[in-house]
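First comes the structure, then the notes that go with it.
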Protein chains: 2
Amino acid sequence: MTHVDQPNQPRMRADARRNRERIISAARDVFEAAGNDAQMDDVAAAAGVGVGTVYRHFPNKDALIGELVRQKFEHISRFLAEAKAEGGDPGEALLRSLTRSAEQMELDMATQHVMSQPSPAVWAVCAGCVQEVQDRSGELIAGGIASGTLRPDMQVSDIRLIMGGIASTMADPSLRPSWRRHLELALDSLRAR
Amino acid sequence: MTHVDQPNQPRMRADARRNRERIISAARDVFEAAGNDAQMDDVAAAAGVGVGTVYRHFPNKDALIGELVRQKFEHISRFLAEAKAEGGDPGEALLRSLTRSAEQMELDMATQHVMSQPSPAVWAVCAGCVQEVQDRSGELIAGGIASGTLRPDMQVSDIRLIMGGIASTMADPSLRPSWRRHLELALDSLRAR
DNA sequence: TGACAAACGGAACTCTACCTCCATATCGTG
DNA sequence: CACGATATGGAGGTAGAGTTCCGTTTGTCA
């Protein structure tokens, strides 16, 4: 019943694949502008397809939102991997990747809006990616504590608190311009004293 | 047209005043349980009144939410005043009042849910209280910087960032138990190094 | 190119939640 | 106590948003 283009699964028709991408891209635009209560009809219109087509690719609104969130976690996971590959102190690498994740958030506000009130159905779509992010950051944290860059009591779960906070700042139009300041404060709180 | 019990305004009937309090109290319960999409009918039921009565006291949903938010800012403002009155270092007083505000948030999660997606109409109800909070905290910040307790570049606007972050942690059921940890991190980021 | 399956479009259905309306009940005062 | 003003209750109007359905179009493969 899933419409995702998986290996060892009948390949989607060319137009279907094209439309799927258009819908995801349109969803980003529309959710960015209207937040969580953007409408499926608007997504369809922005993608230049009918509503029926949107529902052919995503069984319901949560599934569409879930796909956006999933791609976001893929990004974060990649930033962690890149920062680590660049070498240097693991703690600094972690803080660098958090900065990049925040910069990515700014470009993809759609997902932030959507994540500020996530439904269980949304999380279900991307449990795997979340786990990967946690594993990768755990490794960097351990290294950063050992080298004295990060506060000795730092935990993996701190990241979610911090980044959730940044997200909430970005989600509020009046606070959004201050997000770098918020990040500065947050990163300072993770550094060893 | 307002139904608030103001001085120099015809006094509300006794039953009306009683119901108004019941409605506000019920709204807190219902919004706490169901978040932003709690329904007016549920509020009415919880208050033991008809929907019509709710609408007699608050012209629409935003007005009801606005009243909750307004009362929340009154609390915060009082915490600031109390912390200051207790004396000691102004910076410590500020951090103490932030802790109390967070503790108050936990008791009144309704407002947090509601503030995570505030509509302009809601903010309009309580512009005055916000200003008062800003003035009072500005004073404590200046003192705390002077005494070397707070980071030298701290600004009034930092508080909104920090507390918004804590609120977003509390609003997410899976993160909520960690709110004290988040507060600890946040307060550390405000202290001078 | 012809035929079949896959994909599409969008009108219409349905469900939900805010809000209105007005007949009835209650309060407060002379 | 009686009477006018105020307040109440809750059924139903209304509007908006998610989803379905099916006749039509388009891609793919032999």
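So you know, we letter chains A, B, ... as the sequences are listed, proteins then strands, and number each from 1. When reading the values below, keep in mind they use all heavy atoms of this one structure, side chains included, and skip hydrogens, waters and symmetry mates.
- Following rounding to the nearest Å, A:D41 (CG) and C:dG9 (P) show an atom-to-atom distance of 13 Å.
- In this structure the side chain of A:D158 reaches within 4.5 angstrom of the side chain of A:L161, judged on heavy atoms.
- Contact annotation for B:A38: backbone-only contact, meaning every heavy-atom pair under 4.0 Å involves sugar-phosphate atoms and none involves a base.
- Looking at the side chain of A:K61, the nearest of the listed nucleotides C:dC8, D:dT19, C:dT20 is D:dT19.
- With contacts defined as side-chain heavy-atom distances shorter than 4.5 Å, the pair B:R191/B:L150 does not qualify.
- For A:N19, the listed nucleotide lying nearest its side chain is C:dC8; candidates were C:dC18, C:dC8, C:dT26.
- Look at A:R70 and A:E74 and you find a salt bridge, because one of the NZ, NE, NH1 or NH2 atoms lies within 4.0 Å of a carboxylate O, short of that distance.
- Atom CZ of A:R11 and atom C1' of C:dA6 are 15 Å apart (whole Å).
- In this entry the distance linking CZ of B:R56 with C1' of D:dT6 reads 7 Å, nearest Å.
- Each of B:R13 and B:D62 was matched to the nucleotide of DNA chain C holding its nearest heavy atom; the match closer to the 5' end belongs to B:D62.
- Between the CD atom of A:Q39 and the C1' atom of D:dG18 there is a distance of 10 Å, rounded to whole Å.
- A:N60 comes within contact range of the sugar-phosphate backbone alone, with a heavy-atom separation under 4.0 Å but no base atom that close.
- Candidate nucleotides D:dT8, D:dT28, D:dT19 were compared by shortest atom distance to the side chain of B:T53, and D:dT8 ranks first.
- As a whole-Å value, the separation of A:I23 CD1 from C:dC8 C1' is 10 Å.
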